[in-house]
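Only one structure is covered here, and it is reproduced in the block below.
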Amino acid sequence: MTDNTINFIGWILFCVSAVGFIIASVGSFWAMFGSVFFLLACLIFMIPFFRPRK
């Protein structure tokens with residue numbers, strides 16, 4: 001496995017855990033707020049994996 005593949009798998013796992021936090025925080029505004037921003041941050045960090053290489 002390349003380092004790139006390992007990093008991508010790590011970010012996918014972070015996204016899955018963020019979704020789990022979102023599900024667990026239903027009913028709590030601040031927990032939901034933090035969980036959604038955690039998921040958004042994970043998705044932003046994944047952008048370089050989908051950009052075309054130069």
Side-chain angles (χ1 to χ4, degrees):
M1 289 180 113
T2 65
D3 287 343
N4 218 16
T5 304
I6 293 169
N7 286 334
F8 184 71
I9 291 170
W11 283 114
I12 293 293
L13 292 173
F14 269 116
C15 288
V16 170
S17 69
V19 170
F21 282 127
I22 289 171
I23 292 168
S25 68
V26 169
S28 172
F29 173 78
W30 289 112
M32 179 71 75
F33 181 79
S35 299
V36 168
F37 274 95
F38 177 62
L39 177 61
L40 289 175
C42 290
L43 294 174
I44 288 171
F45 275 113
M46 290 178 66
I47 290 172
F49 291 104
F50 298 105
R51 281 195 169 158
R53 305 243 187 249
K54 293 182 182 176

Test of understanding: clusters of I, L, V, M, F, W, Y form through side-chain heavy atoms closer than 4.5 Å, transitively. Do Leu13 and Met1 belong to the same one? yes
Co-membership, hydrophobic cluster, residues Ile6 and Met46, 4.5 Å side-chain: no
Could you tell me the separation between the CD1 atom of Ile12 and the CG atom of Asn7, rounded to the nearest 0.5 Å? 12.0 Å
Working note: Ser25 + Ser28, criterion side chain to side chain donor-acceptor pair (under 3.5 Å); need CA distance, chi angles, decisive distance, verdict. CA-CA 6 Å; Ser25 68; Ser28 172; over 6 Å; no
Check step by step if side-chain contact (heavy atoms from CB on, under 4.5 Å) holds for Leu40 and Val36. CA-CA 6 Å; Leu40 289 175; Val36 168; 4.2 Å; yes
Note, Ile9 side chain near Thr5 side chain (heavy atom, < 4.5 Å): yes
Does the plane of the ring in Phe8 sit parallel, tilted or perpendicular to the ring in Phe50? Use 30° and 60° as the thresholds. perpendicular
Going from CZ on Arg53 to CG on Asn4, what distance comes out if it is rounded to the nearest 0.5 angstrom? 4.5 Å
Phe38 vs Ile22, test: side-chain contact (heavy atoms from CB on, under 4.5 Å). Steps then yes/no. CA-CA 9 Å; Phe38 177 62; Ile22 289 171; over 6 Å; no
Taken to the nearest 0.5 Å, the spacing of Leu43 CG from Leu39 CG works out to 4.5 Å
Using 30° and 60° as the class limits, which term best fits the ring planes of Phe33 and Trp30: parallel, tilted or perpendicular? perpendicular
Does CZ belonging to Phe45 count more than 12 external heavy atoms closer than 6.0 Å? no
